[in-house]
Amino acid sequence: MTVRHLPSLEDVDWPVRTERLLLRPATVADLEVTWSRWRRRPDVAQWMTNPSRELGTYLDRLGAPEKLATVMAVEHDGHLVMDLHVRVLDSYAQTDVAEQARATRANLGWSMDPEVHGRGLATEALRAALGVCFDDLGLHRVEADCFADNTASWRLMERVGMTRESHQRGDALHAELGWVDRYAYAMLDSDWQAQRHA
Ligand SMILES: CC(C)(COP(=O)(O)OP(=O)(O)OC[C@H]1O[C@@H](n2cnc3c(N)ncnc32)[C@H](O)[C@@H]1OP(=O)(O)O)[C@@H](O)C(=O)NCCC(=O)NCCS
């Protein structure tokens with residue numbers, strides 16, 4: 001039996017460049033910058049599912065090689081402005097075809113320096129990440145979710161053409177807001193190809 005190569009960010013021909021951005025694999029030094037510049041800020045941390053109050057906790061969680069390998073650093077004008085997380089996962093499948101469903105979808109996450117909000121840079125970065133997932137890794141489906149109150153994030157997902165597939169009422173517990181609604185968004189490879197050829 002031929003063993004299928006499972007896609008990972010290591011397969012990508014880095015760096016990936018867009019009109020205004022450069023995307024590359026993140027380093028531990030990048031994690032220190034992202035945490036000190038924006039991830040520790042309450043206005044950013046309020047929307048993260050796993051906010052880290054201390055740098056040490058953040059590095060413990062993401063600094064291990066297998067975790068770091070899922071993080072992309074996004075640079076604008078030579079400065080780190082965003083981190084994008086791409087976790088490649090197996091899809092739901094019957095056991096007969098489970099091997100074919102391995103590493104066919106990704107769950108995405110992101111955070112950006114508020115100093116550069118409002119210029120479309122996150123939109124540009126997320127489009128590039130979708131290109132990595134579909135064109136470079138050959139994934140079938142990309143997903144992301146957010147608290148329904150996180151308007152900036154769901155608007156971002158809509159700008160890049162992801163579809164809101166569910167509005168789950170009161171299924172997410174937020175530390176300050178209590179039980180809140182959650183939105184789940186996704187894009188299929190066929191959506192991505194259709195969008196590119198539209
Ligand atoms: C989610 C997040 C990255 C979105 O940032 P953002 O600045 O709103 O997104 P963009 O960089 O794409 O900018 C879009 C804005 O710039 C404007 N814009 C300007 N030029 C643009 C361009 N060339 N292309 C697209 N939008 C442009 C858009 O109109 C939009 O403004 P609006 O919100 O007033 O309509 C940011 O809010 C963030 O980091 N939040 C905290 C972390 C977080 O929520 N993470 C996700 C947890 S699920």
Side-chain angles (χ1 to χ4, degrees), residues 16-24 26 30-53 55 57-58 61-62 67 70-89 105-133 141-187 192 195-196 198:
V16 169
R17 293 176 196 275
T18 69
E19 200 181 323
R20 296 178 290 174
L21 304 171
L22 181 146
L23 283 72
R24 58 171 176 75
D30 293 324
L31 296 182
E32 291 172 9
V33 174
T34 60
W35 186 83
S36 63
R37 285 225 202 109
W38 65 86
R39 275 187 168 256
R40 68 175 174 169
R41 288 175 56 146
D43 55 344
V44 174
Q46 68 174 329
W47 298 122
M48 312 308 296
T49 45
N50 206 341
S52 300
R53 318 273 172 224
L55 174 61
T57 325
Y58 183 55
R61 188 165 64 79
L62 283 173
K67 287 286 175 60
T70 67
V71 188
M72 291 191 261
V74 182
E75 290 182 15
H76 171 57
D77 283 344
H79 299 287
L80 195 56
V81 292
M82 186 175 187
D83 56 278
L84 262 164
H85 299 241
V86 179
R87 284 191 309 131
V88 177
L89 302 164
R105 71 183 169 108
N107 184 279
L108 302 190
W110 48 77
S111 73
M112 177 175 246
D113 185 347
E115 296 300 318
V116 299
H117 281 180
R119 296 195 226 163
L121 293 173
T123 306
E124 200 169 311
L126 182 53
R127 277 206 189 100
L130 291 169
V132 164
C133 289
R141 181 180 159 93
V142 167
E143 304 162 345
D145 51 13
C146 67
F147 295 111
D149 291 313
N150 188 356
T151 309
S153 258
W154 64 255
R155 281 170 58 104
L156 167 64
M157 291 190 265
E158 296 201 347
R159 275 195 299 279
V160 299
M162 295 175 77
T163 300
R164 185 186 296 172
E165 294 188 333
S166 71
H167 175 171
Q168 288 148 233
R169 294 177 309 128
D171 87 329
L173 185 57
H174 187 278
E176 282 98 43
L177 304 173
W179 287 107
V180 293
D181 294 0
R182 181 162 62 113
Y183 293 151
Y185 279 80
M187 181 181 277
W192 175 249
Q195 194 183 100
R196 277 166 40 125

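For reference, positions follow the sequence shown, starting with 1. On a predicted model such as this, the values are computed, not experimentally measured, just so you know. Ligands are counted one by one from 1 in listed order, and the atoms in each one are counted from 1 as well.
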Q: Heavy atoms only, cut-off 4.0 Å: how does Asn150 contact ligand 1, side chain, backbone, both, or neither?
A: side chain
Q: Hey, does Arg24 have a side-chain heavy atom less than 4.5 Å from the side chain of Asp30?
A: yes
Q: Below 3.5 angstrom, do we get any N/O pair linking Thr123 and ligand 1?
A: yes
Q: Give me the nearest non-hydrogen protein atom to atom 6 (P) of ligand 1 as residue plus atom name, then the distance to 0.1 Å.
A: Gly118 N, 4.1 Å
Q: Just wondering, do Leu80 and Trp38 contact through their side chains at under 4.5 Å, heavy atoms?
A: yes
Q: Looking at every non-hydrogen atom in both residues, tell me the closest pair between Leu23 and Met72 and how far apart they are.
A: CD2-SD, 3.9 Å
Q: How far is atom 1 (C) of ligand 1 from the closest protein heavy atom, and which atom is that?
A: Ser153 OG, 3.4 Å
Q: What protein heavy atom is closest to atom 39 (O) of ligand 1, reported as residue, atom name and distance in Å?
A: Met112 N, 2.9 Å
Q: Record the part of Glu124 in heavy-atom contact with ligand 1 below 4.0 Å; permitted values are side chain, backbone, both and neither.
A: neither
Q: Between the side chains of Ser153 and Tyr183, does any donor sit under 3.5 Å from an acceptor?
A: no
Q: How close does the nearest protein non-hydrogen atom get to atom 42 (C) of ligand 1, and which residue and atom is it?
A: Met48 SD, 3.7 Å
Q: Does the protein place a non-hydrogen atom closer than 4.0 angstrom to atom 3 (C) of ligand 1?
A: yes
Q: Would you mind reporting whether Leu121 and Met82 have side-chain heavy atoms less than 4.5 Å apart?
A: no
Q: When you measure from atom 28 (C) of ligand 1 to the protein, is at least one non-hydrogen atom found at a distance under 4.0 Å?
A: no
Q: Could you check atom 13 (O) of ligand 1 against the protein and tell me its nearest heavy-atom contact, residue, atom and distance included?
A: Gly120 N, 3.0 Å
Q: Nearest protein heavy atom to atom 36 (C) of ligand 1, by residue and atom, and its distance?
A: His117 NE2, 3.3 Å
Q: Look at the side chain of His85 and the backbone N and O of Ser111, then say whether any donor-acceptor pair between them is shorter than 3.5 Å.
A: no
Q: Of the protein's non-hydrogen atoms, which lies at the shortest distance from atom 14 (C) of ligand 1, and what is that distance?
A: Arg159 NH2, 3.2 Å
Q: So which of Glu75, Glu124, His76 actually passes side chain to side chain donor-acceptor pair (under 3.5 Å) with Arg20?
A: Glu124
Q: For a quick test of reading the model, state the closest non-hydrogen atom pair linking Gly161 to Gln195 and the distance between them.
A: CA-NE2, 3.6 Å
Q: Side chain, backbone, both or neither: which part of Phe147 comes within less than 4.0 Å of ligand 1 when only heavy atoms are counted?
A: neither
Q: Would you check whether Leu121 has a nitrogen or oxygen atom less than 3.5 angstrom from a nitrogen or oxygen atom of ligand 1?
A: yes
Q: Indicate whether atom 11 (O) of ligand 1 is within a distance of less than 4.0 angstrom of some protein heavy atom.
A: yes
Q: Roughly how far apart are Trp192 CH2 and Arg127 CZ, rounded to 0.5 Å?
A: 7.5 Å
Q: Atom 48 (S) of ligand 1: which protein heavy atom is closest, and how many Å away?
A: Asp145 O, 3.4 Å
Q: On a heavy-atom basis, which atom in Arg141 and which in Glu165 lie closest, and how many Å separate them?
A: NH2-OE1, 2.7 Å
Q: Salt bridge check, Glu115 against Arg41: does any charged N sit closer than 4.0 Å to a carboxylate O?
A: yes
Q: Going by the order shown, which atoms of ligand 1 are within less than 4.0 Å of some heavy atom of Ala122?
A: 3 (C), 9 (O), 10 (P), 11 (O), 12 (O)
Q: With no hydrogens and no angle check, is any side-chain donor or acceptor of Arg39 less than 3.5 Å from a backbone partner on Tyr58?
A: no
Q: Less than 3.5 Å between some nitrogen or oxygen of Arg155 and one of ligand 1, yes or no?
A: yes
Q: Who gets closest to atom 45 (N) of ligand 1 by heavy atom: Trp110, Trp38, Trp47?
A: Trp110
Q: Are any of the protein's heavy atoms under 4.0 angstrom from atom 16 (O) of ligand 1, yes or no?
A: yes
